[in-house]
S.K.: 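Quick one: this structure, given as structure tokens, is what I'll be asking you about.
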Amino acid sequence: MNAIDTLMRVAPVIPVIVIDEIEHAVPLAEALVAGGLRVLEVTLRTEAALPAITAMKQVPGAIVGAGTVTNAHELDAALAAGSEFIVSPGLTEPLGKAAIASGVPFLPGIANAGDIMRGLDLGLTQFKFFPAMAAGGLPALKALAAPFGQCRFCPTGGIGPDNAGEWLAFDPVLCVGGSWVSPKGAPDKIEIERLAREAVALRRR
């Protein structure tokens with residue numbers, strides 16, 4: 001079992017987090033970890049993202065990584081901020097090779113068979129299926145997974161509490177990514193911890 005596979009099995013949901021204000025980072029991470037969601041993906045969509053990763057890493061129990069990493073430059077910046085794993089919306093050979101060379105757990109995005117084959121050529125078998133609903137939903141992933149039995153997936157994009165359980169019931173899906181557990185704005189720690197506990201309860205029996 002490789003490092004990214006292990007991280008994907010920590011909890012059924014990986015929060016996809018957008019931080020606009022750095023002061024929101026630690027309270028949000030504390031609430032998510034208290035609710036049982038320890039693997040936190042901070043997307044590189046705002047100026048606060050990199051310092052937020054550094055700050056959230058100080059929260060006991062938190063495993064903090066960077067999402068929306070699209071090239072080697074962003075990879076380097078994310079690693080310098082202390083990212084413990086890297087998530088990308090897609091997969092290019094330069095980014096894949098740079099991530100593999102760094103040794104960091106890497107979860108690249110795929111949306112079709114060609115993407116998966118490119119990943120397999122690089123030695124990767126764990127993928128983010130993105131954008132999950134727009135790319136055809138669960139029927140599309142079932143069709144893609146059939147010829148690639150060695151692969152495991154984290155669907156992200158359009159997934160929420162109402163449909164996450166259906167995705168998690170599909171054996172090649174180890175976890176899902178979602179933003180519903182980490183609403184934007186000033187964190188309501190009690191509400192976020194409640195959402196996190198409900199997300200943990202989605203784990204397949």
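Everything quoted here is computed from the prediction, not taken from an experiment.
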S.K.: So which heavy atom on I100 is nearest to which on L122, and how close?
M.R.: CD1-O, 3.4 Å

S.K.: About how many Å separate NE2 of H24 and CD1 of I22, when rounded to the nearest 0.5 Å?
M.R.: 10.0 Å

S.K.: Is there a path of hydrophobic side-chain contacts, each under 4.5 Å between heavy atoms of I, L, V, M, F, W or Y residues, that connects V18 with V176?
M.R.: no

S.K.: Can you find a pair of side-chain heavy atoms, one from W167 and one from M133, that are under 4.5 Å apart?
M.R.: yes

S.K.: Membership question, hydrophobic clusters at under 4.5 Å side-chain separation (ILVMFWY): are F130 and L144 in the same one?
M.R.: no

S.K.: Does V26 reach the side chain of Q58, with side-chain heavy atoms less than 4.5 Å apart?
M.R.: no

S.K.: Salt bridge check: are R118 and D121 linked by an N-O gap of less than 4.0 Å?
M.R.: no

S.K.: Look up atom OG in S182 and atom CD1 in I192, then write down how far apart they are to the nearest 0.5 Å.
M.R.: 7.5 Å

S.K.: Is there a path from V16 to V200 through hydrophobic residues (I, L, V, M, F, W, Y) whose side chains come within less than 4.5 Å of each other?
M.R.: no

S.K.: Return the minimal non-hydrogen interatomic distance between G96 and F106, and the atom names on each side.
M.R.: CA-CE2, 3.9 Å

S.K.: For the residue pair I19 and L28, establish whether any side-chain heavy-atom pair is separated by less than 4.5 Å.
M.R.: yes

S.K.: Atom CD1 of I14 and atom CZ of F85: how far apart are they, to the nearest 0.5 Å?
M.R.: 5.5 Å

S.K.: Mind listing the closest non-hydrogen atom pair of I159 and G177 along with its distance?
M.R.: CB-O, 4.1 Å

S.K.: Heavy-atom distance under 4.5 Å between the side chains of V10 and C175, does that happen here?
M.R.: no

S.K.: Counting heavy atoms not belonging to E93, are there more than 12 under 6.0 Å from its CD?
M.R.: no

S.K.: Does the R38 side chain pair with the main chain of P60, one donor and one acceptor, at a distance under 3.5 Å?
M.R.: no

S.K.: Going by the rule side chain to side chain contact (heavy atoms under 4.5 Å, CB included), which residues pair with D76 if we only count those two or more places apart in sequence or in a different chain?
M.R.: none

S.K.: Determine the minimum heavy-atom distance between V13 and L37, stating which atoms define it.
M.R.: O-CD2, 3.5 Å

S.K.: Do the side chain of K57 and the main chain of G82 share a donor and acceptor less than 3.5 angstrom apart?
M.R.: yes

S.K.: If you define the side chain from C-beta out and look only at heavy atoms, does anything of T156 sit under 4.5 Å from F129?
M.R.: no

S.K.: Are I17 and M56 packed together at the side-chain level, in the sense that at least one heavy-atom pair is separated by less than 4.5 angstrom?
M.R.: yes

S.K.: Over all heavy atoms of both residues, which pair between F127 and C151 is shortest? Give the atoms and the distance, please.
M.R.: CE1-SG, 3.7 Å

S.K.: Using the side-chain contact (heavy atoms from CB on, under 4.5 Å) rule, take L107 and C154 through it: C-alpha gap first, then chi angles, then the decisive distance, then the call.
M.R.: CA-CA 9 Å; L107 187 66; C154 174; 4.0 Å; yes

S.K.: To the nearest 0.5 Å, what is the distance between CD1 (I53) and CG (L44)?
M.R.: 5.5 Å

S.K.: Rounded to the nearest 0.5 Å, how far apart are CE of M117 and CG of N112?
M.R.: 10.0 Å

S.K.: Do other residues, nucleotides or ligands put more than 12 heavy atoms under 6.0 Å from E47 CD?
M.R.: no

S.K.: Taking only Lys NZ, Arg NE, NH1 and NH2, and the carboxylate oxygens of Asp or Glu, determine whether E193 and K189 approach each other closer than 4.0 Å.
M.R.: no

S.K.: Would L120 and Q150 count as a side-chain contact (heavy atoms from CB on, under 4.5 Å) here? Give the steps.
M.R.: CA-CA 10 Å; L120 290 172; Q150 70 272 54; 3.8 Å; yes

S.K.: Quick one, I63 and L40 - any side-chain contact, counting heavy atoms below 4.5 Å?
M.R.: no

S.K.: Quick check: do S88 and L95 have side-chain heavy atoms less than 4.5 Å from each other?
M.R.: yes

S.K.: Let me confirm one number: the CG-CZ distance from L32 to R197, rounded to the nearest 0.5 Å.
M.R.: 11.5 Å

S.K.: How close do L50 and A81 get, heavy atom to heavy atom, and via which atoms?
M.R.: O-CB, 3.6 Å

S.K.: Give the intermediate values and the outcome of side-chain contact (heavy atoms from CB on, under 4.5 Å) for residues N71 and E74.
M.R.: CA-CA 6 Å; N71 55 54; E74 292 174 350; 3.4 Å; yes

S.K.: So, does E41 use its side chain to make a donor-acceptor pair with the main chain of G65 at under 3.5 Å?
M.R.: no

S.K.: Less than 4.0 angstrom from a charged side-chain N to a carboxylate O is my criterion; do R152 and D5 meet it?
M.R.: no

S.K.: Can you spot which of I116, N2, I4 makes a side-chain contact (heavy atoms from CB on, under 4.5 Å) with T125?
M.R.: N2

